[in-house]
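All remarks here apply to the structure that follows.
Below, read A as the first sequence line, B as the second, and so on, with proteins coming before strands; counting in each chain starts at 1.
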2 protein chains.
Amino acid sequence: MKSELSKRIKPIVFQKGELVLDANNISKKSYFINKGILRTYFIKDGKEISEYFSGIDEWVNSPKSFMQRKKDIYYIDAIEYTEAYFINVNDLVYLFDNYPEMERYARLSMGTVFGHFMERITSIRFTSAKEKYIHFQKIYSKIYHRIPLGMVASYLGITQETLSRIRAKK
Amino acid sequence: MKSELSKRIKPIVFQKGELVLDANNISKKSYFINKGILRTYFIKDGKEISEYFSGIDEWVNSPKSFMQRKKDIYYIDAIEYTEAYFINVNDLVYLFDNYPEMERYARLSMGTVFGHFMERITSIRFTSAKEKYIHFQKIYSKIYHRIPLGMVASYLGITQETLSRIRAKK
DNA sequence: GTAATTATTTGATTTAGGTCAAAAGTTCTG
DNA sequence: CAGAACTTTTGACCTAAATCAAATAATTAC
């Protein structure tokens with residue numbers, strides 16, 4: 001089974017600032033990051049709003065687009081030089097269909113992802129800007145210092161100025 | 001296949017205010033609502049915070065708990081008299097294992113659910129209290145008027161007073 | 001290496017929504 | 001149906017974070 005997976009997985013690199021997925025296209029590849037950071041974002045009133053960041057050992061795609069094979073609003077880009085592997089959606093479905101344990105594993109992982117989403121919703125709803133930033137640092141403990149302030153601010157839903165002031169106070 | 005599903009599904013009713021799932025237990029049943037409204041909530045600083053509401057034709061469980069068979073923080077209760085069907089997690093897994101088309105359907109539905117979560121995160125991050133309420137009315141167009149103000153306010157992450165004032169201005 | 005962008009910080013001012021308190025309305029319960 | 005127990009509304013006041021504006025600082029490009 002391992003070989004079945006490795007047979008369908010290919011390496012790819014992205015330079016800093018390079019677009020990984022354009023929202024005008026359907027997300028047909030899922031990337032597994034080996035090094036670097038990818039950012040999922042969308043455009044609102046002409047501004048880029050960061051939805052989340054993904055670092056080493058994480059899978060990245062535009063979930064709804066990838067699963068339902070239709071367009072969604074999300075772009076993905078590399079905020080630093082990134083090395084990854086990718087698998088095509090067709091190959092992934094093939095593996096799911098032929099290796100039930102993979103399907104089961106994926107289903108289980110969904111629980112974790114749902115958990116993260118629900119936690120994040122809570123974090124956004126009931127916390128001050130400062131607490132949001134602290135929570136962000138916890139969630140992204142390994143990469144938060146490599147993400148530009150403006151992107152972090154849009155991820156948190158606060159202004160750059162506010163975030164700058166929060167960071168200034170130690 | 002339909003009969004396989006119907007064989008494993010049983011009817012159940014809940015009275016107004018009745019607890020459907022206690023966070024001290026693992027979520028082992030998934031409910032499909034036929035009539036009424038269930039609310040998923042958690043306790044923060046001694047207060048009930050509504051996470052979301054579920055109405056007719058929707059499946060309800062505590063996602064992370066249900067999928068990973070461990071405890072999570074969510075309670076579920078009935079905010080009005082509710083009629084539903086339920087299926088046990090074991091039976092559902094049996095169906096998934098034996099009817100790949102069900103598994104595939106579930107995987108597809110996940111895309112929709114992810115989409116909702118991501119939309120909600122956006123709705124929370126970048127909108128005023130009033131816009132949040134308007135969005136809530138849109139999302140829950142069929143049931144929003146049956147949900148008590150306090151529960152709506154905690155769902156939106158605003159105070160009761162603010163919501164009351166928003167509703168007062170036409 | 002210097003000009004030109006782009007990102008971050010700092011300051012002054014405004015405002016949406018929170019807090020606290022009390023009144024009015026509703027709905028349970030015996 | 002009357003009192004208790006919630007739920008919702010209204011009022012006065014306050015605070016966290018937004019906005020607007022401009023000064024630094026850091027990257028990037030030539």
What nucleotide among [options] has an atom nearest to a side-chain atom of [X]?
X      : options               : result
A:L149 : C:dT8, D:dA17, C:dG17 : C:dT8
A:I158 : D:dA18, D:dT8, C:dT8  : D:dA18
B:R165 : D:dT9, D:dA12, C:dG17 : D:dA12
A:P148 : D:dA17, C:dT8, D:dT19 : C:dT8

Could you tell me how far apart [X] ([atom1]) and [N] ([atom2]) are, to the nearest whole angstrom?
X      : N      : atom1 : atom2 : value
A:Y81  : D:dT27 : OH    : P     : 21 Å
A:R146 : C:dA7  : CZ    : C1'   : 19 Å
B:I166 : D:dT10 : CD1   : P     : 14 Å
B:F126 : D:dA17 : CZ    : C1'   : 14 Å
A:R125 : C:dG18 : CZ    : P     : 13 Å
A:L156 : D:dA16 : CG    : P     : 18 Å
A:I147 : C:dA7  : CD1   : P     : 15 Å
B:Q160 : C:dG18 : CD    : P     : 12 Å

So, is [X] near the phosphate of [N], with a side-chain N or O under 4.0 Å from OP1 or OP2?
X      : N      : result
A:K16  : D:dT28 : yes
B:S164 : D:dT9  : yes
A:T159 : D:dA18 : yes
A:S128 : D:dA16 : no

**Asked** Is the A:F53 ring parallel, tilted or perpendicular to the A:Y155 ring (thresholds 30°, 60°)?
**Response** tilted
**Asked** Should the ring pair B:F32 and B:W59 be called parallel, tilted or perpendicular, given that the plane angle runs from 0 to 90° and is split at 30 and 60?
**Response** tilted
**Request:** Look at all strands and tell whether B:G157 reaches a base, only sugar-phosphate, or nothing, counting heavy atoms closer than 4.0 Å.
**Result:** sugar-phosphate
**Item:** Side-chain ion pair, B:E161 and B:R165, N-O less than 4.0 Å
**Value:** no
**Item:** salt_bridge(A:E131, A:K138) N-O dist < 4.0 Å
**Value:** no
**Message:** I'd like to check B:M118 versus B:T122 (side-chain heavy atoms, cut-off strictly below 4.5 Å). Are they in contact?
**Reply:** no
**Message:** Closest-nucleotide mapping onto DNA chain C: is A:G150 or B:A129 further toward the 5' terminus? I mean the 5' end.
**Reply:** A:G150
